[in-house]
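For reference, the structure discussed in these notes is given below.
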Amino acid sequence: EVRLVESGGGLVQAGESLRLSCTASGFTFDNYVIGWFRQAPGKEREGVACIDNNLGRSYYQDFVKGRFTISSDNAKNTVTLQMNSLKPEDTAVYYCAAGLPSALIHTMNYEDEYKYWGQGSQVTVSS
């Protein structure tokens with residue numbers, strides 16, 4: 001059974017930090033791209049960052065560059081999203097997702113590229 005389980009969400013004040021973790025099971029973690037997405041109330045889900053476990057490369061959307069860091073521990077099948085300098089507009093449900101490498105997956109603009117999804121973790125940033 002494939003599972004992606006997020007943890008680490010919560011409520012923080014603007015400027016503070018949070019760390020999200022995504023632990024995977026049921027598939028060959030090393031072969032997959034793991035992405036973080038988020039969905040704010042009333043908005044569409046959007047990609048945040050992803051890491052390609054094959055290439056060892058990470059990718060970020062412009063609105064989190066310099067503030068968020070994605071990392072992967074292949075021995076633990078876990079991807080971590082370190083979020084610093086949080087802003088109220090970062091408030092959302094954060095999802096991790098996994099997909100096989102493709103020409104489009106690193107853009108995070110095509111959710112169909114990600115085959116497996118977690119249940120989501122709420123992050124709330126107060127002003």
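Predicted, not measured: the structure shown is a model, and the values here were computed from it. The chain is numbered in sequence order, starting from 1.
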Quick check: closest heavy atoms across [X] and [Y], and the distance to 0.1 Å?
| X | Y | value |
| --- | --- | --- |
| Glu89 | Arg38 | O-NH2, 4.0 Å |
| Phe29 | Ala24 | CD1-CB, 3.7 Å |
| Leu20 | Ser121 | CD2-OG, 4.2 Å |

Would you check, one step at a time, whether the test side chain to side chain contact (heavy atoms under 4.5 Å, CB included) holds for Val12 with Met83?
CA-CA 11 Å; Val12 296; Met83 305 184 292; over 6 Å; no

Rounded distance [0.5 Å steps], [atom1] in [X] versus [atom2] in [Y]:
| X | Y | atom1 | atom2 | answer |
| --- | --- | --- | --- | --- |
| Thr80 | Ile70 | OG1 | CD1 | 9.0 Å |
| Ile51 | Cys22 | CD1 | SG | 11.5 Å |
| Leu81 | Cys50 | CG | SG | 11.0 Å |
| Glu16 | Ser85 | CD | OG | 11.0 Å |

What do you reckon, is CZ of Arg45 surrounded by more than 12 foreign heavy atoms closer than 6.0 Å?
yes

Does a side-chain heavy-atom distance below 4.5 Å link [X] with [Y]?
| X | Y | answer |
| --- | --- | --- |
| Leu86 | Leu18 | yes |
| Tyr60 | Val48 | no |
| Lys115 | Leu100 | no |
| Arg3 | Tyr116 | no |
| Met108 | Tyr114 | yes |
| Asp52 | Tyr59 | yes |
| Leu4 | Phe27 | yes |
| Asn109 | Leu104 | no |

Any donor-acceptor pair under 3.5 Å from [X] side chain to [Y] backbone:
| X | Y | result |
| --- | --- | --- |
| Glu113 | Tyr110 | no |
| Glu6 | Cys96 | yes |
| Arg57 | Asn53 | no |
| Thr91 | Val125 | yes |
| Asn54 | Asn31 | yes |

Can you say whether the rings of Phe37 and Trp117 are parallel (under 30°), tilted (30 to 60°) or perpendicular (over 60°)?
tilted

For [X] and [Y], test the side chains for any donor-to-acceptor distance below 3.5 angstrom and give the result as yes or no.
| X | Y | value |
| --- | --- | --- |
| Glu46 | Gln61 | no |
| Asn74 | Ser72 | yes |
| Thr124 | Gln122 | yes |
| Asn84 | Ser17 | yes |

Between Trp36 and Phe68 (judged by ring centroids, cut-off 6.0 Å), do the two rings come close enough to count as a pair?
no

Applying a strict under-4.5 Å side-chain criterion to I, L, V, M, F, W and Y, I'd like to know whether [X] and [Y] cluster together.
| X | Y | result |
| --- | --- | --- |
| Tyr32 | Val79 | yes |
| Val64 | Val123 | yes |
| Leu55 | Ile34 | no |

Salt bridge present between Asp62 and Lys65 (N-O < 4.0 angstrom)
yes

